[in-house]
Amino acid sequence: TASGQVLDESLLPPPVGKIHTVDDGHVVVLAAGDSGHLVELGGARRVSTPYPPGSRLHDLSFRGDLGTFIDASDSINVTAPFQGVSWRVGRPTGPPLRSPALSEDRTKVYAFGGGTLLVWTQQVPSSQAEVLRLINGLTNAHLADSERARADGAPGPLYWKW
């Protein structure tokens, strides 16, 4: 703490390898078994494990609450640790990818493959309406009761017309 007091945090499996800042109140700690833990620095000091053992996050970096990493198959991924989800952006057909990063507005993913800078454009929805437009554009899924939200504000379940 600012006063010099040391507070015990929740135990993480040793050894702790790297610590990555997500925001002022959270860090991602890479620990034993290639697991990654989201650690809350204040408040309840909760710890969650969005990246279970074996995740093998290489070249992990963050831009706000989104990050990028290279996995064991050399694929580049974007990750949202607060939601506990990650998605593949690309997989190399040539030399392994390295040094992934997100653009300032988080709509582009960069990486080096051999001597080439590779750029992927991703849609990062920032509202429920944008998520619905993304779903409509990418799949034949529809939202049940799309005009009504559940009590917690989330849209209804997905369904498919065959």
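The model shown is predicted, which means the values in this text are computed figures rather than measured ones.
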Criterion salt bridge (Lys or Arg N to Asp or Glu O under 4.0 Å) on Glu40 and Arg45, from CA distance to verdict: CA-CA 5 Å; Glu40 183 179 9; Arg45 300 188 334 227; over 6 Å; no

Say whether [X] and [Y] are linked into one hydrophobic cluster, either directly or through other cluster members, by side-chain heavy-atom distances under 4.5 angstrom.
X      : Y      : result
Leu118 : Ile76  : yes
Val119 : Val89  : no
Val85  : Trp120 : yes

Close side-chain approach of Leu38 and Val47, heavy atoms under 4.5 Å: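 In short, these two side chains do not touch, never coming nearer than 4.5 Å.
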
Side chain proximity check, Leu60 to Val28, heavy atoms < 4.5 angstrom: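 Yes, at least one pair of side-chain atoms sits under 4.5 Å.
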
Straight-line distance of Ile70 CD1 to Asn77 CG, nearest 0.5 Å: 7.5 Å

Ser61: side-chain contact (heavy atoms from CB on, under 4.5 Å) partners, not counting sequence neighbours: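 Thr68.
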
Give the minimum heavy-atom separation between [X] and [Y], together with the two atoms involved.
X     : Y      : result
Leu97 : Gly90  : CD1-O, 4.3 Å
Ser73 : Arg91  : O-NE, 3.7 Å
Ser99 : Phe112 : CB-CD1, 3.9 Å
Pro81 : Asp65  : CD-O, 3.3 Å
Pro50 : Gly36  : CD-O, 3.5 Å
Pro95 : Gly114 : CB-N, 3.6 Å

Any pair counted as ring-ring contact (aromatic ring centres under 6.0 Å, His included), so long as it reaches residues 37-81, sequence neighbours left out: none

Stepwise side chain to side chain contact (heavy atoms under 4.5 Å, CB included) test for Val22 and Val27: CA-CA 5 Å; Val22 178; Val27 293; 5.8 Å; no

Ring pair (Phe, Tyr, Trp, His ring centres under 6.0 Å) involving His26 - partner list, sequence neighbours excluded: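 Ring pair (Phe, Tyr, Trp, His ring centres under 6.0 Å) list for His26, sorted by chain: Phe82.
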
Side-chain donor-acceptor pair present, Ser103, Asp105, cut-off under 3.5 Å: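 A donor-acceptor contact under 3.5 Å links the two side chains.
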
Verdict with supporting geometry, Leu30 and His20, side chain to side chain contact (heavy atoms under 4.5 Å, CB included): CA-CA 8 Å; Leu30 299 183; His20 299 276; 3.9 Å; yes

Side chain to side chain contact (heavy atoms under 4.5 Å, CB included) between Leu102 and Leu66, worked out: CA-CA 8 Å; Leu102 287 167; Leu66 288 182; 3.7 Å; yes

